[in-house]
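Written out below as structure tokens is the structure these notes cover.
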Amino acid sequence: AQSVSQHNHHVILSEAASLELGCNYSYGGTVNLFWYVQYPGQHLQLLLKYFSGDPLVKGIKGFEAEFIKSKFSFNLRKPSVQWSDTAEYFCAVTQTSGTYKYIFGTGTRLKVLA
Amino acid sequence: GAVVSQHPSWVICKSGTSVKIECRSLDFQATTMFWYRQFPKQSLMLMATSNEGSKATYEQGVEKDKFLINHASLTLSTLTVTSAHPEDSSFYICSARSSGGPNTQYFGPGTRLTVL
């Protein structure tokens with residue numbers, strides 16, 4: 001069965017620190033990959049997505065993610081975090097055909113200290 | 001673009017009553033909508049996939065008779081929690097996938113259900 005694991009459940013950083021959140025998935029076929037962010041009290045927003053092509057994907061708010069097929073990974077990065085990045089981050093994977101349903105990771109709660 | 005709304009945003013009901021939650025895609029057509037449940041400090045758990053004009057596909061362990069899903073049009077799906085009990089209290093989130101569009105889901109703001 002497909003699964004998505006996010007290794008870091010809670011991350012605390014100071015402003016301007018660099019961020020990397022891990023995401024690994026288990027699925028042998030072709031996948032689409034996503035990172036969503038959920039700010040406190042708000043709904044899920046798409047940060048970035050990978051369908052094909054350049055494995056380094058740039059998203060909104062200075063975030064980027066790199067798809068490494070051989071490692072089944074899609075880690076999220078940001079060179080310098082801000083207090084406003086405090087949120088929960090979810091990695092999601094879906095097949096490229098069929099039901100297109102997402103499999104979500106457990107989420108990483110990021111707290112950025114001012 | 002790609003806005004999804006949910007109504008109501010929160011609801012409190014008595015045990016044994018039924019509650020209907022609406023999910024609308026406001027500026028696009030969605031042949032497929034998804035219903036999730038999110039427990040506090042946990043990830044989203046897919047409950048069912050809703051396809052316009054056909055029966056919903058439920059995930060394993062989700063009671064289809066308790067969580068009725070109707071996807072009557074390309075912009076509206078409803079989730080009815082029947083005979084609600086306190087253990088049904090949760091945050092219910094829908095998402096919609098654009099018809100013929102890229103494989104991307106757009107999420108609604110969620111509905112907080114509290115069953116007394």
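Heavy-atom basis, side chains included; hydrogens, waters and symmetry copies ignored.
No more than 12 heavy atoms of other residues, nucleotides or ligands lie within 6.0 Å of NZ in B:Lys20, so this atom counts as exposed by the packing criterion. For A:Ile12, the CD1 atom sits in a loose shell: 12 or fewer heavy atoms of surrounding residues, nucleotides or ligands are nearer than 6.0 Å. For A:His7, the NE2 atom is densely surrounded, since the number of other residues' heavy atoms within 6.0 Å is greater than 12.
Considering only heavy atoms from C-beta on, A:His43 stays 4.5 Å or farther from B:Gln6 through its side chain.
Interface check for chain B: of the options A:Leu46, A:Thr94, A:Leu44, the most heavy-atom pairs under 4.5 Å are formed by A:Leu44.
Interface residues of residues 30-40 of chain A toward chain B, defined by a heavy-atom distance below 4.5 Å and sorted by number: A:Asn32, A:Phe34, A:Tyr36, A:Gln38. Residues of residues 102-114 of chain A lying under 4.5 angstrom from chain B, judged on non-hydrogen atoms, are A:Tyr102, A:Phe104, A:Gly105, A:Thr106, A:Arg109 in numerical order. Residues of residues 55-68 of chain A lying under 4.5 angstrom from chain B, judged on non-hydrogen atoms, do not exist here.
A continuous path of hydrophobic side-chain contacts links A:Phe74 to A:Leu76 [ILVMFWY only; heavy atoms under 4.5 Å]. Under the 4.5 Å side-chain heavy-atom criterion for Ile, Leu, Val, Met, Phe, Trp and Tyr, B:Ile21 and B:Phe67 are members of the same hydrophobic cluster. Hydrophobic clustering (side-chain heavy atoms under 4.5 Å, transitive across Ile, Leu, Val, Met, Phe, Trp, Tyr) keeps B:Ile69 apart from B:Leu76. Neither B:Ile93 nor B:Met47 shares a network with the other; the hydrophobic side chains, linked directly or stepwise wherever heavy atoms of I, L, V, M, F, W or Y lie under 4.5 Å apart, form separate groups for each. Side-chain heavy atoms closer than 4.5 Å link hydrophobic residues (I, L, V, M, F, W, Y) into clusters, and following such links, possibly through other members, connects A:Leu21 to A:Tyr50.
Among residues at least two apart or in separate chains, side chain to side chain donor-acceptor pair (under 3.5 Å) pairs with a member in residues 46-58 of chain B are B:Thr32-B:Asn51, B:Ser50-B:His71, B:Ser50-B:Ser77.
Of the atoms belonging to B:Leu46, it is side-chain heavy atoms, and not backbone ones, that fall under 4.5 Å from chain A.
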